[in-house]
Amino acid sequence: MTAEENYLQLPEWMEKTGCQEQVNSSPGRRANFLVKSIRRMKQNIADELMTESFAGRQGILQQLDARLKFVIVVLLVLAVGFVRSIPILLGVWLFTIILMRIARIPVLTMQKRIWGVIPLITLLISIPAMLNIFIDGKPLIMIYESTQQSVLAGIDIPASLYISQQGLTAGLRLCLRIGISLSLGVLLVMTTPAARLFKSMQVMGIPALMVMILEMSYRYLVLLLTLSIEMFEARQLRTVGNLSLSAKREQVGSSIAALFAKSMEMTDEIYLAMRARGYTGQAVYITSEIE
Amino acid sequence: MPQVLFAFDNVSFGYVPGQPVFNKLSFKIYSGETVALLGANGSGKSTLLKMMSGLIFPQQGIFKAYGQEINEQRMEDDAFSQKYHLKVGYIFQNSEVQLFTTRVWDEIAYGPLQMGFTTKVVKQRVEDVLEMLQLENLRDRSPHRLSGGEKKKVAIASVLVLNPEVLILDEPTSGLDPKTEKWLVELLLKLNLKGRTIIVSTHNLELAHVLTTRSLVLAESHELVCDGLTEEIVENHELLTAVNLIDEYSHIHGNIEHIHRYTHG
Ligand SMILES: Nc1ncnc2c1ncn2[C@@H]1O[C@H](COP(=O)(O)OP(=O)(O)OP(=O)(O)O)[C@@H](O)[C@H]1O
Ligand SMILES: [Mg+2]
């Protein structure tokens, strides 16, 4: 047999189709976790693209100068950080919601997403701080009460432990501040095309390097999200089946590792691509391009 | 009469609500065919191939494979989707996304192991494929550190090892050197002779011509503008210009395209 023929010799099992060797096919019927993750990530990408489409829509807020919007939002966020009165905070929140409405952003979905995670987590982790040990005041929720003070392992145990009214107010205030700041940020991002937003940051005196980092993170976040979707799809094609929990964990783990390796690699390549076009560590920008 | 493999019936699809990629697409692919999907960048080749591979699903209309409607619910059944993916192999345009293990050998063994082949069979198959694609030297390397073409080869190997009946390849020759490209074409033709269906997307007319008998042409507006014999389509200058696959300076001599962009003033 010549080398030429040899090089296109099919292995025996490839001579015919079919897969007699397969031993156990999985009987599962549930949506597997890969399929679910893929769907969730796809939704995120669609959302991201939706954001751009909101920014392109005709609306009063959309037409406002990006720089002006940026300044107003920064000032409002700062103000929210200083205001202590809960009614005023609630007022600002209502104002933000009205603005969202005017900008034709789906208020309910957005608010659900904004309040669903971060402020809730904040509330949870701030619970210890609401205790009378830290913020004393009128008892609101009693956790325990005893008549005499006791000592445990040399530490004084207070006679009672409760969430004080003042403590709860402080916790709520923190949550409100975070939720409102997020709402304001979302409002800004959703009504302003990303490119214009970054340019206006720069005009406002934020160092070019920082803006560049922000801009690149944004761009590569979307890119990495797309990459992860395809990775999961590729894996799904060859996996499927009811994997054990540990196998699932292993898979997610190795996907994260692969994604990390890829993003590191990408960093190198991006840097080289930037070098190839004249980047020397100093970002050069034209600021006059903003309409 | 050959068996209908894939049937698209008024299929519509879009990634983003309100921005459809396909609108009411209808066509059929038969078992044992070699089909090229031609179109300019962004015309929707990858999207269409992903639908055939059961990764995305029509939003309207019906896509059937092997006479059965393929939709999200059906694919959620693990047993079904496993069987489907074993029959229909898909090689991604970006081989980067197909590689996720830390060794080339593991990468190729991943599919057969998941599909429940015995260890002995897995080992045998991986060795055979490594040899066939001349990847033996790379067996212990990390897939991430390979060259672009080597990654492509590993990606191809990781699908061939499952021995699918239908091979769907998205831009299979991009990044391959001419010798490997020629080798791949010959391999695919040989597999076709043994009864496999081969579907490739490409904007390389020569590849379409040597590999396939039938071509589907997608316009930039994502419409299916032509479905016919590849040898006729690659000669159809007007059509290819209209879908922006070639420009007025490209000439087709014989069956092979030559670009004379700079010599004809
Ligand atoms: N994940 C995605 N989200 C949103 N839109 C997408 C996504 N993937 C592709 N598109 C859009 O769908 C259309 C078809 O893309 P597709 O990748 O199928 O094109 P293609 O013919 O494979 O192009 P190429 O030759 O460049 O590979 C394009 O307009 C593209 O912008
Ligand atoms: Mg493509």
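Numbered from 1 within each chain, the chains take letters A, B, ... in sequence-line order.
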Please check if atom [atom1] in [X] has more than 12 non-hydrogen atoms from other residues, nucleotides or ligands closer than 6.0 Å.
X        : atom1 : result
B:Arg103 : CZ    : yes
B:Gln60  : CD    : no
A:Leu108 : CG    : no

Checklist entry - Within a strict 4.5 Å, meaning less than it, do heavy atoms of the A:Pro11 and B:Arg125 side chains meet? => result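 With C-beta onward as the side chain, the pair stays apart.
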Checklist entry - Any side-chain heavy atom of A:Met14 within less than 4.5 Å of one from B:Lys190? => result no
Chain A heavy atoms under 4.5 Å from [X]: which part of the residue, side chain, backbone, both or neither?
X        : answer
B:Tyr90  : both
B:Leu160 : both
B:Lys87  : neither

Item to check | A:Trp13 side chain to B:Asn163 side chain, donor-acceptor N/O pair below 3.5 angstrom | outcome: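 Side-chain D/A pair, A:Trp13 to B:Asn163: absent.
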Checklist outcome for this item: Output for pair (A:Leu10 CG, B:Leu191 CG), nearest 0.5 Å, gives 5.5 Å
Checklist outcome for this item: Comparing B:Ile91, B:Val88, B:Val161 against chain A, the one with the most heavy-atom pairs below 4.5 Å turns out to be B:Val161
